[in-house]
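Here's the structure, in structure tokens; my notes come after.
Here is the naming used below: chain letters follow the sequence lines, and residue numbers restart at 1 for every chain. All values below were derived from every heavy atom in this structure, side-chain atoms included, with hydrogens, water molecules and symmetry-related copies excluded. This one's a predicted model, so the numbers in the text were calculated from it and none came from an experiment.
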Amino acid sequence: MLDSVTHSTFLPNTSFCDPLMSWTDLFSNEEYYPAFEHQTACDSYWTSVHPEYWTKRHVWEWLQFCCDQYKLDANCISFCHFNVSGLQLCSMTQEEFVEAAGICGEYLYFILQNIRSQGYSFFTDTEETKAAIKDYADSNCLKTSGIKSQDCHSQSRTSLQSSHLWEFVRDLLLSPEENCGILEWEDREQGIFRVVKSEALAKMWGQRKKNDRMTYEKLSRALRYYYKTGILERVDRRLVYKFGKNAHGWQEDKL
DNA sequence: AGTAACTTTCCTGATT
DNA sequence: CAATCAGGAAAGTTAC
């Protein structure tokens, strides 16, 4: 059951998710406050969503967190460069980060890559990563005073890290805000869904796996292997799949 | 270090 | 014709 509630309960909006106080202060200036889409009904905080699925608002929340926690100088950050979705943010190179935020950009890039590869648990989970953060910050004359265990969450173990394709697909289906019409339910009760944007799906999966050579052809081959194990069942229609008896966490009444 | 499960890559051929 | 589906084969990756 635990793994079926992944993104929605990944992190409660508590502790370090101290809201928009300093953010508002920082960006009360119009020119640094580009309009981004209004938060939808699905009002998630950035920590509850994988970076690739962040909305522009999530990206801003993340920047705010970084500024607050790592004492980054917000004046160094060109916020119009970060008026992007999570998908776009994840495709930015280190150079682009530096261009957008100088030395802070380097640090932001480092933090983002760690979140992407290790989940939010990288903040606390191992001494190694803590040391890595400290080393990195030290070598760049940045403060790490904000990185404290109490800033994080004991329950931050989730499937963010889980890289199984079917779970990725399931979680995307369960996140209407993030999936951008890439996947859609055809029969919610029976677990039948359709791949609407096959290339986008492959791209997103490729980003998750850090593999820019991923294609829908290859992704679909992996999906077909699931027929054997009962994770998926065959539906004789193009781009249509159905969760099988061994898939879990997708059913509405069991979430 | 070995293994098994899972994923990626490539391929041939069929279907839509 | 292009996109997709079906799987076999083999190599690569990851978790334990």
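Residues of residues 211-228 of chain A that place a heavy atom closer than 4.0 Å to DNA chain B, in numerical order, are Asn211(A), Arg213(A), Met214(A), Lys218(A), Arg221(A), Ala222(A), Tyr225(A), Tyr226(A). The stretch residues 191-199 of chain A has no heavy atom under 4.0 angstrom from DNA chain B at all.
Leu112(A) approaches Cys90(A) most closely through the heavy-atom pair CD2-CA, 4.4 Å. Of all heavy-atom pairs spanning Lys245(A) and Glu233(A), the tightest one is N-OE2, 3.9 Å.
With sequence neighbours excluded, the residues satisfying side chain to side chain contact (heavy atoms under 4.5 Å, CB included) with Tyr227(A) are Arg224(A), Leu232(A), Arg234(A), Tyr241(A). Every side chain to side chain contact (heavy atoms under 4.5 Å, CB included) that Asp187(A) has, sequence neighbours left out, goes to Glu189(A), Gln190(A), Ile192(A). Listed by chain and number, the residues in a side chain to side chain contact (heavy atoms under 4.5 Å, CB included) with Lys218(A) are Arg213(A), Met214(A), Thr215(A) (sequence neighbours excluded). Ser91(A) pairs by the side chain to side chain contact (heavy atoms under 4.5 Å, CB included) definition with Gln207(A), not counting sequence neighbours. Remark: Gln88(A) engages Ser85(A) in a side-chain hydrogen bond (donor to acceptor under 3.5 Å, both in side chains) (not counting sequence neighbours). A search for salt bridge (charged side-chain N to carboxylate O under 4.0 Å, His left out) contacts involving Glu52(A) returns Arg116(A), Arg208(A), not counting sequence neighbours. With sequence neighbours excluded, the residues satisfying ring-ring contact (aromatic ring centres under 6.0 Å, His included) with Phe82(A) are Phe97(A).
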Please tabulate, for the side chains in residues 194-206 of chain A, all donor-acceptor contacts under 3.5 angstrom to protein atoms that are two or more places apart in sequence or on a different chain.
| residue | atom | partner | partner atom | Å |
| --- | --- | --- | --- | --- |
| Arg194(A) | NE | Glu186(A) | OE1 | 2.7 |
| Arg194(A) | NH2 | Glu184(A) | OE2 | 3.0 |
| Lys197(A) | NZ | Cys180(A) | O | 2.7 |

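Within the helix from dG2(B)-dC16(C) to dT16(B)-dA2(C), the inter-axis angle between the opening and closing five-pair segments is 30°, rounded to 10°.
Contacts between chain A and DNA chain B, taken as any atom within less than 4.0 angstrom of a protein heavy atom, begin and end at dC6(B) to dT16(B).
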